[in-house]
Asks: 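Handing you this structure, nothing more for now.
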Number of protein chains: 2
Amino acid sequence: MVALKRKFLDESGKRWFDHADVVVALVEFGGLHGYVRISGSSLGSMLEVSQQAASRKLSRAVEAGLVDKRTGSAGFEYTVSEFARGQLRRFLNLFTAPLPRVELGATVVSGVGEGRFFLELRGYGRQFELIYGFKPYLGTLNLKADQNAFDVFRMYPSKIVNGFRTGNRRFGLVLTYPAILRLGSQVVECVALFPEYSRYGDDVVELIAPFSIKKKLGIADGTRVLVTPVLSVG
Amino acid sequence: MVALKRKFLDESGKRWFDHADVVVALVEFGGLHGYVRISGSSLGSMLEVSQQAASRKLSRAVEAGLVDKRTGSAGFEYTVSEFARGQLRRFLNLFTAPLPRVELGATVVSGVGEGRFFLELRGYGRQFELIYGFKPYLGTLNLKADQNAFDVFRMYPSKIVNGFRTGNRRFGLVLTYPAILRLGSQVVECVALFPEYSRYGDDVVELIAPFSIKKKLGIADGTRVLVTPVLSVG
DNA sequence: ATTACTAAGCAACGAGTAG
DNA sequence: TCTACTCGTTGCTTAGTAA
């Protein structure tokens, strides 16, 4: 049972917002469309820090690969790196994109039964009840979506189930999203789970409901279904 | 001669990127569309800092007015404040808006002749020459634009003229942008200046060129002109 | 003018713990 | 469980200065 750590955020140190001051300043002064000639002291006066601090911040942002540096005729010039632009694009997308009404196509797959194990843990179970007001059926329905499901769900407000530790074992947090599952004309309200530690990738959705979804809808592995993130259940 | 400090960036401490980690995490977990239930320890595990640090960061972001806090059924809930959303919107604009081909309508106004004084300072003059390759005529043409000119120009890559100090006097930095000035069919390539310290507001554009623009175009106070930011002169 | 070093001060961090 | 306190340590920031 190898659990992978899901990256809710990028790797520390290489996240653009670890160097947000430098990146934002560069963007504000045109560093998105080309190299900007800027000295440590100028950056310092804009960010209201010393020349030394500003120079250091710049070097570190360059080291982290978020800012590109070159030598111009009148000193060093900097621009926002393509790597940082990529991260920014994703972030801005979250900001500007209206909540999409997406019906994710997905195929029912079989889990390994560990969903039951986790749901039985008081640390998780109590939180689910508190947040959603129902005692979940002790088993998850696993779907393999046709695309990256987490990227779709994460645009919605998550209800966070906090992690905890029992004895010497740590259990990670779980991002949960209210969802609707469709099979033909049948509709089930449920909750999608994206655990911090999971055996699955971002295209797998684990669903819970107050009852066995499989039995209620009469589905088996391989059945095609549609799943949609929603703002709230009920 | 009262010089106002132009705000290139927002006030320190109340800038969203001073709390970028918290704001970004909140956005990533849906805090844009409503309150998100999140504990210090959860935020900590996402940002890879301790529970204490995460709680502190949250409180500080709340104090700064960037994050709103409320008490939910299962603990505190947070959302990105409208104040922060405003800052983010402006930032996103810089990022997503294509460089607009704007012709700013403006009226020629008379300055107080201090343009000449600043241009004569070696600290500025040498940098202008180095960057733009011409010795500026010792006087600025001042325009009062019909809208906030700085907000338009700042979408373009700026060439920064660094500040300096002579004796005990400090001279702030100047953001400069290549521009084109139009009067009827006549066109002049010039450079727009937005000094850190200025007597004017963001709707006033100070222009320099290798020659006297006023004489070349035969204009006087009150003449209507059009000014357009461009990527480069020549 | 610039960047970058060192030393001293101070703010932020994590560990432990209380409420 | 949570938040929030203290405290010792770490690491960032600044001033001064060299190159």
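Chain letters run A, B, ... following the sequence lines, proteins first, then strands; residues in each count from 1.
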Asks: Is Arg70(A) close enough and on-axis enough to Tyr35(A), meaning under 6.0 Å and within 45°, for cation-pi?
Replies: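 Yes, Arg70(A) lies over the aromatic ring of Tyr35(A).
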
Asks: Output yes when at least one side-chain N/O atom of Ser50(B) is less than 4.0 Å from OP1 or OP2 of dA15(C), else no.
Replies: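 So the side-chain polar atoms of Ser50(B) never come under 4.0 Å of the phosphate oxygens OP1 or OP2 of dA15(C).
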
Asks: Round to the nearest Å and state the distance from Gln51(B) atom CD to dT17(C) atom P.
Replies: 14 Å

Asks: Using whole Å, what does the distance between atom C1' of nucleotide dC13(C) and atom CG of Asp18(A) come to?
Replies: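 Those two atoms, CG and C1', are 15 Å apart.
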
Asks: Over how many whole Å does the gap from Leu121(A) atom CG to dT1(D) atom P extend?
Replies: 13 Å

Asks: Quick one: which of dA15(D), dT1(D), dC12(D) gets closest to the side chain of Arg60(A)?
Replies: dC12(D)

Asks: Nearest whole angstrom, please: distance from the P of dA12(C) to the CD of Glu48(B).
Replies: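 Atom CD in Glu48(B) sits about 21 Å away from atom P in dA12(C).
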
Asks: Pick the nucleotide of DNA chain C nearest each of Ser59(A) and Gly163(B); which residue has the one closer to the 5' end?
Replies: Gly163(B)

Asks: Does the side chain of Ser39(A) get closer than 4.0 angstrom to OP1 or OP2 of dT2(C) through an N or O atom?
Replies: yes

Asks: Can you check the Arg126(A) CZ to dC2(D) P distance for me, whole Å?
Replies: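 Distance check: Arg126(A) CZ to dC2(D) P gives 11 Å.
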
Asks: Quick check: are there more than 12 heavy atoms from other residues, nucleotides or ligands sitting under 6.0 Å from CZ of Arg85(B)?
Replies: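 Counting neighbours around CZ of Arg85(B), more than 12 heavy atoms of other residues, nucleotides or ligands fall under 6.0 Å, so yes.
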
Asks: Are Phe171(B) and Phe164(B) an aromatic pair by the rule of ring centers under 6.0 Å?
Replies: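 Yes, the ring of Phe171(B) comes within the 6.0 Å limit of the ring of Phe164(B), centre to centre.
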
Asks: Does Lys57(A) place a side-chain N or O at less than 4.0 Å from the phosphate oxygens OP1/OP2 of dC12(D)?
Replies: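 Indeed not, no polar side-chain atom of Lys57(A) lies that close.
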
Asks: With heavy atoms under 4.0 Å as the rule, sort Gly75(B) into base, sugar-phosphate or nothing.
Replies: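 No contact.
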
Asks: Send over the distance from Ile38(B) CD1 to dT3(D) C1', rounded to a whole Å.
Replies: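 Nearest whole value for this atom pair: 14 Å.
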
Asks: Evaluate the ring planes of Phe91(B) and Trp16(B), with Trp represented by its six-membered ring, and classify them as parallel (under 30°), tilted (30 to 60°) or perpendicular (over 60°).
Replies: tilted

Asks: Which nucleotide wins on minimum distance to the side chain of Gln52(A), given the candidates dG14(C), dT3(C), dA15(D)?
Replies: dA15(D)

Asks: Between Leu58(B) (CG) and dA12(C) (C1'), how many Å, whole number?
Replies: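 The answer, rounded to whole Å, is 16 Å.
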
Asks: Run through Arg60(B), Lys57(B), Arg56(B) and flag the one making a salt bridge (Lys or Arg N to Asp or Glu O under 4.0 Å) with Asp21(B).
Replies: Lys57(B)

Asks: So, is Ser41(A) near the phosphate of dT2(C), with a side-chain N or O under 4.0 Å from OP1 or OP2?
Replies: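 Affirmative; the distance criterion is met.
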
Asks: Does the side chain of Arg56(A) get closer than 4.0 angstrom to OP1 or OP2 of dC5(C) through an N or O atom?
Replies: no

Asks: Which whole-number value in Å describes the distance from Leu43(A) CG to dT14(D) P?
Replies: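 That distance rounds to 12 Å.
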
